[in-house]
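Read through the structure below, which is laid out as structure tokens, and then see the notes.
Everything numeric in this text was worked out from a predicted model, so none of it was measured. No hydrogens, no waters, no symmetry mates; every other heavy atom, side chains included, goes into these values.
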Amino acid sequence: MLTLHKRLLELAYAKEQLLIENDMAAFSTLVKEEAKLVRQISQKEAERLQGTYELDDEEIEELRPVLFELKRQNELNATLLEQSLRYITWHLDMIMPEADDFTYGQQAFETRSFSRDV
């Protein structure tokens, strides 16, 4: 269980770097690996709850700081993702402004009648 969580923490650090480098292909691959680890951890947790797997006190003490660091790192990654999405949205708004922003937009076209009568 400790090994799985340590690996999950390593992936969280790697995710931060990939977010900073904007390497979404590698980020996607990493997320898939992370999902596999989470499934393995869930399976171990289910076994622990059924009593077929037991953590000793030493493992619990080693696991606690890893979990705190994992939580902190995941919060940082969530903040980075949120900032990235805000940046993308800002860029999209700059490239494709709302139709109302145009002087001769769709709304202006629909509200005016064009007549060629003289």
Decide yes or no for Met24 and Leu19: does some side-chain heavy atom of the first lie under 4.5 Å from some side-chain heavy atom of the second?
yes
Measure the CG-CG distance between Leu67 and Leu2 for me, rounded to the nearest 0.5 Å.
9.0 Å
For the atom pair CD (Gln40) and OG1 (Thr3), what is the distance rounded to the nearest 0.5 Å?
11.0 Å
Per-pair distances, 0.1 Å, donor-acceptor, side chain in residues 8-17, under 3.5 Å, sequence neighbours excluded:
unit_1	atom_1	unit_2	atom_2	d
Glu10	OE1	Arg7	NH1	2.9
Tyr13	OH	Glu69	OE2	2.7
Lys15	NZ	Glu34	OE1	3.2
Lys15	NZ	Glu34	OE2	3.2
Glu16	OE1	Gln73	NE2	2.8
Gln17	NE2	Glu21	OE2	3.2

Please check if the number of heavy atoms outside Asp56 that lie under 6.0 Å from its CG is greater than 12.
yes
With a 6.0 Å cut-off (strictly less than), is the heavy-atom count around CD of Gln43, excluding the residue itself, greater than 12?
no
Point-to-point distance, once rounded to the nearest 0.5 Å, from CG of Asn77 to CZ of Arg72:
9.0 Å
To the closest 0.5 Å, what do you measure between CD1 (Ile20) and OG (Ser84)?
11.0 Å
Not counting sequence neighbours, list each pair that qualifies as a ring-ring contact (aromatic ring centres under 6.0 Å, His included) and has a residue in residues 26-84.
none
Contact check, side chains of Glu75 and Lys71, non-hydrogen atoms, under 4.5 Å
yes
Should Leu70 and Leu81 be counted in the same cluster of Ile, Leu, Val, Met, Phe, Trp and Tyr side chains packed under 4.5 Å apart?
yes
Could you note down all residue pairs passing salt bridge (charged side-chain N to carboxylate O under 4.0 Å, His left out) where residues 38-47 supplies at least one of them, sequence neighbours left out?
Glu45-Arg48
Under the criterion side chain to side chain contact (heavy atoms under 4.5 Å, CB included), I'd like the reasoning laid out for Arg64 against Ile60: C-alpha separation, chi angles, the key distance, then a yes or no.
CA-CA 6 Å; Arg64 191 168 289 142; Ile60 290 171; 3.8 Å; yes
Heavy-atom nearest pair, Leu63 first then Met1, reads CD2-CG, 4.2 Å
